[in-house]
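Below is one structure; the comments refer to it alone.
Naming: A, B, ... by sequence-line order, numbering from 1 per chain. All heavy atoms count here, side chains included; hydrogens, waters and symmetry mates do not.
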Amino acid sequence: MHEQPPQIVTRFAPSPTGYLHIGGGRTALFNWLFARGRGGKFLLRIEDTDRERSTPEATAAILRGLAWLGLDWDGEPVSQFAQKDRHAEVAHEMLARGTAYKCFSSPEEIAAFRARAEADGASYAVFQSPWRDAAPETHPDAPFAIRMKAPRTGQTQIVDQVQGIVTIQNDTLDDMIVLRSDGTPTYMLAVVVDDHDMGVTHVIRGDDHLNNAARQQMVYTAMGWDVPIWAHIPLIHGPDGKKLSKRHGATGVEDYQAMGYPAAGMRNYLTRLGWAKGDAEIFTTAEAMAMFDLAGIGRAPARLDFKKLENTCGHHMAMMADAEVMAELAAYLRAAGKPALTAAQSNLLQKALYCVKDRAKTFPDLLEKAEFALAARPIQPDEASAKSLDSVSRGILKSLTLQLQNVNWTKEGLEPILNDAAAANGIGFGKLAAPLRAALAGRSATPSVFDMMLVLGQGETLARLADAAE
RNA sequence: GGCCCGUUCGUCUAUCGGUUAGGACAUCUGGUUUUCAACCAGGCAAGAGGGGUUCGACUCCCCUACGGGCUGCCA
């Protein structure tokens, strides 16, 4: 008889005070990969207990960001605020167990204490509530907060899967408030209660919470609950090594969609940012799930490298199925606020994908390379390509138009004609290709001229050549 | 200020006491080429600094420097 290993449950718990930050996106991704790769569950909880700053718009933006990254969660998102009664119930249970107490010190008194300590030049000041051991008979009839009765001596150890064993001296921690005097729970209590109630087995989150873990662990202990497995991952920094902020440019997950990075590439890049498994660089999501582990997470903050992001995205763009490219391209256009493709454009682009998707890294890149399939006559050559349309090359195009009237419209049929035309004019094929590009695409960087001619078809090709030859 | 965490090529990283310190991106050189992309061959490039421990340290310990986090009746 083997004991069934408990199912892994992870969660992502953002506070809805803004868009989904790229760092948050990666945290969610790590949680998702870890759970999904092991047949576990990935839950979503919205930490909306700060009523001042939480907005439904932010929640919607976060959900959109996760959806774009392809991270799906089990069940409905949990609202932390909705659990407030349960949080209060636990706070009172701690009271009953003697692991928490009523504190009647007012915020003003506490502020005064801190000010005094600072004035005395104390290096640090842990507020010690006079009510910690006060007899109930001495309690005034006044509002009170519930504070945890934290140990004042000894140390608390966090066994972290990323950071190792972290030891915190208990005398540096105060008796944190778990229930405010207005009856609402604090974050420190709420996370623990929710994680416990949701059955979370692995807490994978940013290492800005590492210190908090010690106090949260005290709540688990106070309630006699199993402590989850901790994994505190380093934050993402900007290219300059500083904490990623607005001045670095894109910090929101949705910004990356609007810039045209394919989600699969983004996922791959983000997975490799701060995590490694040997030399694995380019992998599918299924492969990432199979490989991902906590042991591979690095301990130092990682910097964003747009060049590598682009390179990774290029690989994924090439690997994507055509239908996938078309669907994601449409989503990109919407996200970037650009007009959708017409049916005709979309139809022709689909035919052209085989010769453009493996040379594009992003969707704007794809659109640029596929310009020949999207543009309508008359083709407007851009500055660079216009240079190759001089009078000599126009003449060549004109004669080509005639020679291409009766030809088998295949690569085999076209090749000899174009080669002969180049030879007849005493120029290399490259010199002939340039004006053809200008005529067919109005661009100097395009797929092969044969591919363009085949995609466009004989009628359209001849029309464009004739336009340019005029 | 105090406490906690971190530091290998420009960047992401491998290494888990013994390696010519490996790979990828970027970059440079050459090749291929029908432009772009791609591709092929090759080059440049790293253990923050200082002390220990050890026969032997990138790896273990200490100090310093730098970066980050926490230090709320915010999350």
Salt bridge between [X] and [Y], side-chain N to carboxylate O under 4.0 Å?
X      : Y      : result
A/E460 : A/R464 : yes
A/K307 : A/E310 : no
A/D174 : A/R215 : yes

Checklist entry - Do A/H87 and A/D194 have a side chain donor and acceptor closer than 3.5 Å? => result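 Present: a donor and an acceptor within the cut-off.
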
Going by side-chain contact (heavy atoms from CB on, under 4.5 Å), name the residues that satisfy it together with [X], two or more places apart in sequence or in a different chain.
X      : result
A/D322 : A/L353, A/K357
A/S393 : A/D390, A/P435
A/D133 : A/K149

If I pick the [atom1] atom on [M] and the same atom on [N], what distance separates them, to the nearest angstrom?
N     : M     : atom1 : result
B/A45 : B/G22 : P     : 12 Å
B/A75 : B/U59 : C1'   : 38 Å
B/C62 : B/U54 : C1'   : 16 Å
B/C73 : B/C61 : C1'   : 42 Å
B/C66 : B/G72 : C1'   : 29 Å
B/G51 : B/C58 : P     : 14 Å
B/C63 : B/A26 : P     : 41 Å
B/A38 : B/C60 : P     : 39 Å

Paired with [N]: which nucleotide, if any, by Watson-Crick or G-U wobble criteria at under 3.5 Å for both distances?
N     : answer
B/C58 : none
B/G67 : B/C5
B/C25 : B/G10

At 4.0 Å (heavy atoms only), tell me whether [X] reaches a base, stays on the sugar-phosphate, or touches nothing.
X      : value
A/R272 : base
A/A434 : nothing
A/G274 : sugar-phosphate

Rounded interatomic separation in angstrom, taking [atom1] from [X] and [atom2] from [N]:
X      : N     : atom1 : atom2 : answer
A/R359 : B/C39 : CZ    : P     : 12 Å
A/K431 : B/U33 : NZ    : P     : 17 Å
A/K369 : B/U34 : NZ    : P     : 18 Å
A/R299 : B/U59 : CZ    : P     : 13 Å
A/D207 : B/G69 : CG    : P     : 9 Å
A/M291 : B/G23 : CE    : P     : 19 Å
A/D358 : B/A37 : CG    : P     : 13 Å
A/L432 : B/U34 : CG    : P     : 12 Å

Next on the checklist: One pair to check against salt bridge (charged side-chain N to carboxylate O under 4.0 Å, His left out): A/K308 and A/E281. What are the steps and the verdict?
Outcome noted: CA-CA 10 Å; A/K308 185 156 184 173; A/E281 293 286 351; 3.2 Å; yes

Checklist entry - Which residues in residues 435-449 of chain A have at least one heavy atom lying under 4.0 Å from any atom of RNA chain B? => result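 Going residue by residue through residues 435-449 of chain A, the ones with a heavy atom under 4.0 Å of RNA chain B turn out to be A/R437, A/S444, A/A445, A/T446, A/P447, A/S448, A/V449.
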
Checklist entry - Residues from residues 302-313 of chain A sitting under 4.0 Å of RNA chain B, heavy atoms only? => result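 When residues 302-313 of chain A is checked for heavy atoms under 4.0 Å from RNA chain B, the hits, listed by number, are A/A302, A/R303, A/D305, A/K307, A/K308, A/N311.
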
Every protein N/O within reach of nucleotides 71-75 of chain B N/O, cut-off under 3.5 Å:
unit_1	atom_1	unit_2	atom_2	d
B/G72	OP2	A/R114	NE	3.4
B/G72	OP2	A/R114	NH2	3.4
B/C73	O2	A/S181	N	3.0
B/C73	O2	A/S181	OG	3.0
B/C73	N3	A/S181	OG	3.0
B/C73	N4	A/S105	O	2.9
B/C74	OP2	A/R180	NE	2.1
B/C74	OP2	A/R180	NH2	2.9
B/C74	O3'	A/R180	NH2	3.1
B/C74	O2'	A/D50	OD2	2.7
B/C74	O2	A/R53	NH2	3.3
B/A75	OP1	A/T49	OG1	3.3
B/A75	OP1	A/R180	NH2	2.5
B/A75	OP2	A/R180	NH2	2.9
B/A75	OP2	A/Y187	N	3.0
B/A75	O3'	A/E47	O	3.3
B/A75	O2'	A/S15	OG	2.8
B/A75	N6	A/N212	ND2	3.3
B/A75	N1	A/N212	ND2	3.4

Checklist entry - Quick one: does A/W275's side chain have a donor or acceptor within less than 3.5 Å of a partner on A/L270's backbone? => result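 Checking the backbone N and O of A/L270 against the side chain of A/W275, no donor-acceptor pair under 3.5 Å is found.
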
Checklist entry - Counting only distance, no hydrogens or angles, is the base of B/G6 paired donor-acceptor with the side chain of A/Q163 under 3.5 Å? => result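 Such a pair does not exist between side chain and base.
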
Next on the checklist: I want to confirm an ordering. Mapping A/E415 and A/T167 to their closest nucleotides on RNA chain B, which one lands closer to the 5' end?
Outcome noted: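 Per heavy-atom nearest nucleotide, the more 5' residue is A/T167.
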
Item to check | Residue whose nearest RNA chain B nucleotide is more 5′ - A/K361 or A/Y269 | outcome: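 So the residue in question is A/Y269.
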
Checklist entry - Can you check whether A/Y187 and A/H209 have ring centres sitting under 6.0 Å from each other? => result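 Yes - the distance between ring centres of A/Y187 and A/H209 falls below the 6.0 Å cut-off.
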
Item to check | Derivation of the salt bridge (charged side-chain N to carboxylate O under 4.0 Å, His left out) call for A/D195 and A/R45 | outcome: CA-CA 9 Å; A/D195 282 341; A/R45 181 174 69 234; 2.8 Å; yes

